> 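Can you read through this structure? Questions will come right after.
All heavy atoms count here, side chains included; hydrogens, waters and symmetry mates do not. Quantities reported herein were computed from a predicted structural model and do not represent experimental measurements.
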Amino acid sequence: MSNGICVEKSVIRNVIIASQYLDKRSSASIADIVSGICGLQYDPNPTIHLNHYMMLWNRKKDFAVADLDVAAYKEFQITEAFAFKRNMFFVPTNEFAIYRAALKDVVRWGSSDESWLAAANSLEDLAAEEELKQGLKDQPGMTIRQIWECLHLSDEWDAYVKGRRAGDLSFELPIFRAFYRLKRRTDLVTCGRNPGTFKEPLYILKENIGIKEWPNAGIGKEDARAWLMEKLIASFGVTYPVHLSHITGIPTAEVTPFFSKLEQEGKITPVKVGKKFCYIHSSKAVLLDKSVDQDSEEVRLISPMDILVRDQTWLKTFFDYSYTFEYFKKKGMKWPLSILVGNRFVGYFDCKMEWRTGRFLIKEKNIFDSAFNGHRGIEMALQDLAAFHGAGDIVEIK
């Protein structure tokens with residue numbers, strides 16, 4: 001890396017916010033926005049609207065929950081798939097195969113998708129896959145329970161589920177393993193989700209919705225990773241290898257060579273922010289000319305699962321901000337919505353939607369910068385958020 005040009009942190013923030021569609025809400029399609037920010041993480045926590053809805057509410061003009069559902073489950077412009085760190089994401093349908101090729105051997109929880117799939121790849125397992133595909137051919141989307149009812153395997157499935165809970169896998173049939181394999185590969189596509197707290201998924205064979213082969217199928221891992229690394233750098237505007245390693249789960253030692261190649265090709269340029277060396281994508285260099293006094297005063301309420309805030313070290317480096325997030329704490333768990341004003345984080349709300357009563361609860365309001373106490377833009381953003389949830393009242397718990 002060369003020494004790079006020195007850039008003020010506030011200017012870098014402007015680049016990042018614009019690259020993430022957070023400087024102003026976009027009129028672009030959902031598929032284009034999802035492509036531009038490299039996916040929406042699916043998270044089932046129902047404290048407020050789910051993370052993927054929140055990510056688009058912050059970025060797309062006049063967004064409604066039904067808009068994502070139509071794009072994902074009716075038009076199939078975006079697809080639920082296992083992506084970064086083996087978590088569930090929405091990615092553009094025409095990019096799914098590239099994500100899969102780039103990430104299938106990322107190791108987490110002791111294995112990768114590639115190794116997990118290879119562990120059950122006997123002739124018996126392959127035959128079970130074909131049996132399942134034949135059984136679901138031309139069938140509509142169904143829940144897991146409905147699938148086994150359709151295949152007359154309800155009793156066997158009940159015994160298997162009961163056995164799993166007790167640590168007994170003797171009831172496992174090859175066709176049950178085949179189901180999980182097809183789902184993990186997204187040969188079984190999520191084509192809808194039922195109403196309710198945890199939105200039970202409906203599955204359908206990809207062939208049943210007209211996808212014989214995924215676009216870009218057959219791309220090699222190195223080409224896929226080269227594409228993904230450049231895509232991610234552009235999506236953040238400014239970043240560095242350790243950050244992308246944290247986001248994707250690909251080891252830093254495997255990420256760094258892609259940065260070197262992209263720099264040699266002139267696609268990224270090194271910049272220095274304080275003592276930190278990082279890179280800016282060439283397509284975002286024009287944003288460096290935006291002066292600090294042109295900062296947007298738009299207010300966004302950022303979900304804790306938003307890709308912008310997933311790496312606390314990166315967040316602290318460029319935004320001088322971090323927060324505590326205890327996802328698995330069952331009682332008193334915070335769901336902090338970070339308050340972004342222009343390019344500055346000024347605090348957070350801990351919110352909860354009471355779906356039964358229609359009340360939007362503010363459990364905690366923490367403004368770090370006293371200059372933003374009573375800020376009209378923040379109050380308006382909170383009112384917009386409550387309206388997005390269909391809340392009748394906003395209640396601040398003292």
Side-chain angles (χ1 to χ4, degrees), residues 41-47 50-52 69 72-73 79-90 100 103-104 106-209 305 327-331 333 355:
Q41 183 165 349
Y42 181 94
D43 188 81
N45 189 298
T47 303
L50 304 185
N51 177 66
H52 43 288
D69 293 345
Y73 307 130
T79 301
E80 287 187 25
F82 294 96
F84 301 137
K85 289 189 171 180
R86 305 184 73 195
N87 290 318
M88 182 73 78
F89 278 74
F90 289 90
R100 173 144 190 84
L103 301 167
K104 64 183 180 180
V106 168
V107 175
R108 192 181 183 203
W109 303 306
S111 66
S112 66
D113 277 356
E114 193 170 45
S115 64
W116 181 81
L117 289 166
N121 204 32
S122 67
L123 292 176
E124 182 182 43
D125 289 310
L126 295 174
E129 284 190 18
E130 287 304 312
E131 179 187 355
L132 182 54
K133 287 180 180 179
Q134 287 300 313
L136 297 180
K137 185 178 180 181
D138 299 326
Q139 294 291 338
M142 293 183 284
T143 65
I144 295 177
R145 178 73 186 177
Q146 289 168 338
I147 287 173
W148 303 123
E149 287 175 352
C150 175
L151 300 178
H152 308 292
L153 289 170
S154 296
D155 292 343
E156 290 84 351
W157 176 255
D158 290 341
Y160 169 59
V161 171
K162 184 177 180 180
R164 281 187 67 182
R165 291 172 182 161
D168 180 5
L169 296 181
S170 62
F171 297 99
E172 183 181 56
L173 300 178
I175 199 168
F176 297 157
R177 292 196 298 272
F179 168 79
Y180 289 112
R181 285 160 57 85
L182 294 180
K183 184 162 73 80
R184 196 80 199 183
R185 290 202 304 261
T186 317
D187 288 338
L188 274 174
V189 176
T190 304
C191 65
R193 286 184 175 270
N194 285 331
T197 302
F198 294 106
K199 298 188 179 299
E200 184 180 22
L202 305 174
Y203 297 107
I204 194 169
L205 283 177
K206 71 180 192 299
E207 290 81 3
N208 292 1
I209 56 172
M305 304 297 284
Y327 184 85
F328 293 106
K329 187 176 180 180
K330 293 183 179 179
K331 291 186 178 180
M333 182 183 74
W355 300 102

> If you measure from CG on Leu50 to NZ on Lys199, what distance do you get to the nearest 0.5 Å?
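The CG atom of Leu50 sits 6.0 Å away from the NZ atom of Lys199.
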
> Look up atom CZ in Phe171 and atom CZ in Phe176, then write down how far apart they are to the nearest 0.5 Å.
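That separation rounds to 11.0 Å.
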
> Working to the nearest 0.5 Å, report the span between OH of Tyr203 and CG of Leu182.
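Result: 11.5 Å between the selected atoms.
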
> Rounded to the nearest 0.5 Å, what's the gap from NZ on Lys104 to OG on Ser112? Could you check?
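Nearest 0.5 Å value for the NZ-OG distance: 9.5 Å.
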
> Ignoring hydrogens and angles, tell me if any N or O in the side chain of Asn194 forms a donor-acceptor pair with the backbone of Leu202 under 3.5 Å.
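Side chain of Asn194 to backbone of Leu202, a donor-acceptor pair under 3.5 Å: no, none is there.
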
> So, for Pro44 and Phe198, which heavy atoms are closest and what is the spacing to 0.1 Å?
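Of all heavy-atom pairs spanning Pro44 and Phe198, the closest is O-CD2, 3.9 Å.
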
> Are any of the side-chain nitrogens in Asp113 or Arg181 under 4.0 Å away from the carboxylate oxygens of its partner?
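Here Asp113 does not pair with Arg181 in a salt bridge, since their nearest N and O are not under 4.0 Å apart.
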
> Provide the closest heavy-atom pair for Ala83 versus Leu103 in the form atom of the first, atom of the second, distance.
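Nearest heavy atoms, Ala83 then Leu103: C-CD1, 3.7 Å.
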
> Could you give me the CA-CA distance, side-chain angles and deciding distance for Asn121 and Leu126, then say whether side chain to side chain contact (heavy atoms under 4.5 Å, CB included) is met?
CA-CA 6 Å; Asn121 204 32; Leu126 295 174; 3.3 Å; yes

> Which atom names give the shortest non-hydrogen contact between Ile175 and Trp148, and what distance separates them?
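That would be O-CH2, 3.7 Å.
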
> Looking at every heavy atom in both Thr190 and Tyr73, which two are closest together, and how far apart are they?
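Scanning both residues completely, I find the closest heavy atoms to be O-CD2, 3.6 Å.
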
> Could you tell me which residues satisfy side chain to side chain contact (heavy atoms under 4.5 Å, CB included) with Met88, sequence neighbours excluded, listed by chain and number?
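Once residues adjacent in sequence are excluded, the partners of Met88 under the side chain to side chain contact (heavy atoms under 4.5 Å, CB included) criterion are Tyr42, Glu80, Phe82.
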
> Would a distance-only check, ignoring hydrogens and angles, find a side-chain to backbone donor-acceptor pair under 3.5 Å from Thr186 to Val189?
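No; zero donor-acceptor contacts below 3.5 Å.
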
> Nearest 0.5 angstrom please: Glu207 CD to Asp138 CG, how far?
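That separation rounds to 10.5 Å.
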
> Give a yes or no on whether the backbone of Ser111 and the side-chain of Arg86 come within a donor-acceptor separation of less than 3.5 Å.
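Checked: pair present.
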
> Leu132 versus Leu136: any side-chain heavy-atom pair under 4.5 Å?
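Yes. Closest side-chain heavy atoms under 4.5 Å.
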
> Quick check: closest heavy atoms across Gly141 and Ile204, and the distance to 0.1 Å?
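Nearest pair, atom of Gly141 first, then Ile204: N-CD1, 3.8 Å.
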
> Are more than 12 heavy atoms, taken from residues, nucleotides or ligands other than Leu169, located less than 6.0 Å from that residue's CG atom?
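It does: Leu169 CG has more than 12 such atoms within range.
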
> Restricting to non-hydrogen atoms, name the atom on Trp355 and the atom on Pro46 that form the minimum distance, rounded to 0.1 Å.
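Nearest pair, atom of Trp355 first, then Pro46: NE1-O, 3.4 Å.
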
> Are any of the side-chain heavy atoms of Asn87 and Arg108 separated by less than 4.5 Å?
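Result yes, sub-4.5 Å side-chain heavy-atom pair found.
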
> Can you classify the ring geometry of His52 versus Phe90 as parallel (below 30°), tilted (30 to 60°) or perpendicular (above 60°)?
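His52 vs Phe90 ring planes: tilted.
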
> Can you measure from CZ (Arg185) to CG (Leu188) and round to the nearest 0.5 angstrom?
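Going from the CZ atom of Arg185 to the CG atom of Leu188 covers 9.5 Å.
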
